Protein chains: 2
Amino acid sequence: MNVTIYDVAREANVSMATVSRVVNGNPNVKPATRKKVLGTIEQLGYRPNAVARGLASKRTTTVGAIIPDISSIFFSELARGIEDIATMYKYNMILSNSDQNPEKELTLFNSMLEKQVDGIVFMGGKISDELLQQFDKSPVPIVIAATGQGTGEIPTVAIDYEQAAYEATKLLVDHNHKQPAFVAGTAEAETNNQKYKGYLRAVTENNTEVKQEYIVKANNTYNSGLDAAKQLADLADRPSAVFVSSDEMALGVIHGFQDNGLRVPEDIEVVGYDNTRLATMVRPTLSTVVQPTYDIGAVAMRLLTKLMNKEEVSDKNVILPHRIIERNSTK
Amino acid sequence: MNVTIYDVAREANVSMATVSRVVNGNPNVKPATRKKVLGTIEQLGYRPNAVARGLASKRTTTVGAIIPDISSIFFSELARGIEDIATMYKYNMILSNSDQNPEKELTLFNSMLEKQVDGIVFMGGKISDELLQQFDKSPVPIVIAATGQGTGEIPTVAIDYEQAAYEATKLLVDHNHKQPAFVAGTAEAETNNQKYKGYLRAVTENNTEVKQEYIVKANNTYNSGLDAAKQLADLADRPSAVFVSSDEMALGVIHGFQDNGLRVPEDIEVVGYDNTRLATMVRPTLSTVVQPTYDIGAVAMRLLTKLMNKEEVSDKNVILPHRIIERNSTK
DNA sequence: CTGAAAGCGCTAACAG
DNA sequence: CTGTTAGCGCTTTCAG
């Protein structure tokens with residue numbers, strides 16, 4: 001059997017309560033006693049049992065993170081932001097992949113509650129009604145990150161996806177492209193809808209009649225970008241600029257154009273979205289929307305710590321700043 | 001207060017033990033009773049408390065994963081492999097970033113043991129003596145993944161880093177490059193040393209006198225690849241082929257050469273290592289060593305489940321197969 | 001097939 | 001400053 005708080009107490013000739021106090025840094029312990037206890041802890045190799053502590057105190061110092069796919073370059077950066085701040089505040093993070101599957105999201109959420117996490121950071125595409133209901137009944141605080149869905153009740157951290165998309169498109173419009181093309185991510189994700197809206201706003205305010213063939217549906221993967229580029233390049237009336245809803249897909253688009261003999265940015269300008277590390281790992285380097293991915297994770301987790309501490313938070317819906325960075329895929 | 005097993009028992013007119021049996025799928029319950037209990041569980045919205053269960057049963061169905069950096073494209077794929085299999089076997093995963101910092105590794109390891117995880121998957125560069133000692137004293141099983149360090153006692157899952165590097169270099173040698181250059185990752189990581197050895201073996205068996213200026217130390221980042229390429233390109237006697245110890249860095253190397261007016265593969269051939277998704281996200285596409293990253297994670301986790309179940313495992317040191325895939329960065 | 005009862009290891013009043 | 005004493009919610013013998 002492992003050494004318990006009781007063993008330490010006996011060996012040090014104090015009560016369990018005292019041992020508990022020194023372990024938890026409670027100041028109400030005479031320095032001499034503290035030293036003695038610390039000594040026998042060391043000597044016995046005592047390691048506090050966090051499960052027992054969790055049961056007694058009703059706090060596990062563990063948070064849950066529900067993420068679509070940790071192997072995505074975008075989300076893994078987010079996760080790193082969450083974990084860094086979690087560690088800073090002495091929390092551990094249980095991480096689970098949802099693949100944006102509504103049923104899996106529900107299962108994961110409940111499994112995390114069973115594990116008695118003190119809070120949850122949720123990232124996803126769209127939040128189903130059922131999940132939303134469960135969120136509302138949640139016994140622990142939840143923060144929604146990078147999900148572009150205002151729910152009213154649940155705190156969120158994100159950027160203004162619509163406005164950022166508007167600005168990216170506007171940049172292209174200002175470069176004298178009457179209607180830049182748009183390579184869209186799947187409409188399953190609310191952020192993608194926001195991006196589409198922003199694109200449309202920039203295009204229509206220019207009074208253009210919208211060409212539907214310039215709007216191609218894809219799914220944010222590199223390969224779908226490749227395909228989209230080919231599709232666009234084959235158009236009789238091909239566009240001279242394109243706004244792509246994610247960096248990874250934008251790399252695909254750039255390469256797709258290049259594979260079809262077009263030069264970026266001379267023949268066609270390209271703007272991406274996210275500013276992941278990929279943006280500088282391509283030639284030409286990618287102009288893109290800077291979304292502070294790591295920070296969204298970090299801020300979401302920081303917000304969660306406040307909520308878990310029942311601190312007052314003035315603003316439950318945090319919008320982080322974005323900007324456009326011009327590199328070499330635009331003129 | 002939340003609804004407990006006791007509430008369910010009272011409401012269903014059975015004992016806690018029976019409720020526990022129903023919840024845990026113990027067959028020794030009369031169907032009628034089971035149904036009744038299930039009914040009141042539903043009705044009361046009872047959710048088992050995993051912390052209490054963990055304390056009583058001494059199993060938390062949670063595993064720990066210590067990983068250098070989840071935002072790295074290589075490790076995030078590994079993590080996904082771990083998590084998928086963990087979920088399949090009903091485990092949750094606590095994920096922590098170590099940045100390959102030995103002290104942090106120690107802290108994380110102990111913190112996970114405090115949390116009473118049932119097992120741990122460790123990924124890192126080099127395992128410090130102190131950490132190794134702690135591993136040996138661990139009350140729960142540990143599996144070391146993708147770390148290239150045989151420790152004897154602790155089970156490992158990896159590929160043969162030396163042999164793979166040998167083959168990659170050999171490919172270049174066979175393309176009539178007397179001595180391909182080598183862009184190395186930091187020697188802090190054991191895998192990198194293995195790669196270096198493999199490189200050297202392929203070069204020396206060819207009886208070449210080894211040019212030290214062809215071996216450049218870098219750190220596996222894109223930018224260090226950029227620098228390495230410049231350094232190599234500036235050599236009076238510049239190499240005509242280069243083996244790079246990671247894909248991300250290989251992209252940097254390719255772009256570095258291109259930025260310096262060299263053509264890949266016409267002027268210089270490039271081979272990478274890992275076959276991350278990046279390998280096809282570059283022009284020319286990258287010839288590279290296929291390391292089954294996801295599988296390493298998955299197999300490591302599967303192995304851990306066996307160990308946690310105290311099943312006999314015949315082979316404690318799993319070497320997964322690798323191969324070289326030729327794309328367009330080689331002739 | 002079911003129940004009673006003893007913990008699991010720790011925290012948190014409460015008392016002194 | 002320190003000790004006593006209840007639990008936290010569940011699993012697990014042991015009986016029956």
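Note that the structure is a prediction, hence the values are computed from the model and not measured. Protein chains get the first letters and strands the later ones, always in sequence-line order, with residue 1 at the start of each.
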For dT11(D), does OP1 or OP2 lie under 4.0 Å from any side-chain N or O of N24(B)? yes
Base, sugar-phosphate or nothing for V19(B)? Non-hydrogen atoms, less than 4.0 Å. nothing
Given atom CG of N2(A) and atom C1' of dG9(C), what is their separation to the nearest angstrom? 11 Å
Compute the centroid of each ring, for F109(A) and then for F135(A), and state whether the two points are separated by less than 6.0 Å. yes
Send over the distance from I5(A) CD1 to dG9(C) P, rounded to a whole Å. 11 Å
Surrounding CG of D315(B) (heavy atoms of other residues, nucleotides or ligands, distance under 6.0 Å), is the total greater than 12? yes
DNA chain C nearest-nucleotide lookup for L55(A) and R21(B): closer to the 5′ end is R21(B)
Phosphate OP1/OP2 of dT11(C): any S20(A) side-chain N/O under 4.0 Å: yes
Side-chain N or O of S15(A) less than 4.0 angstrom from OP1 or OP2 on dG3(D)? yes
For a quick check of understanding: with a heavy-atom distance under 4.0 Å over all strands, which category does N28(B) fall into, base, sugar-phosphate or nothing? base
Options dG3(D), dC1(C), dG9(D), nucleotide nearest the side-chain atoms of V14(A): dG3(D)
Nucleotide nearest V29(A) when distance is taken to its side chain, options dT2(D), dT12(D), dT4(D): dT2(D)
note: K115(B), atom NZ; dC10(C), atom P; distance rounded to Å ~ 15 Å
How long is the line joining CZ of R53(B) and P of dT12(D), in whole Å? 10 Å
Nearest of dC10(D), dT2(C), dC10(C) to any side-chain atom of K30(B)? dT2(C)
Intermediate values then yes/no, side-chain contact (heavy atoms from CB on, under 4.5 Å), Y91(A) and T305(A): CA-CA 9 Å; Y91(A) 286 92; T305(A) 62; 4.2 Å; yes
Q116(B) CD to dG9(C) P, straight-line distance once rounded to whole Å: 9 Å
For E312(A), does the CD atom have more than 12 heavy-atom neighbours from other residues, nucleotides or ligands under 6.0 Å away? no
salt_bridge(R302(A), D295(A)) N-O dist < 4.0 Å: no
Measure from the side-chain heavy atoms of S57(B) and tell me the nearest of dT4(D), dT12(D), dC10(C). dT12(D)
Using whole Å, report how far CG of L44(A) lies from P of dG9(C). 14 Å
K58(A) vs dG9(D): side-chain N/O to OP1/OP2 distance below 4.0 Å: yes
T33(A) vs Y46(B), nearer the 5' end of DNA chain D by closest nucleotide: T33(A)
Provide, to the nearest angstrom, the distance between the CE atom belonging to M16(B) and the P atom belonging to dA6(C). 13 Å
Using whole Å, report how far OH of Y6(A) lies from C1' of dG7(C). 14 Å
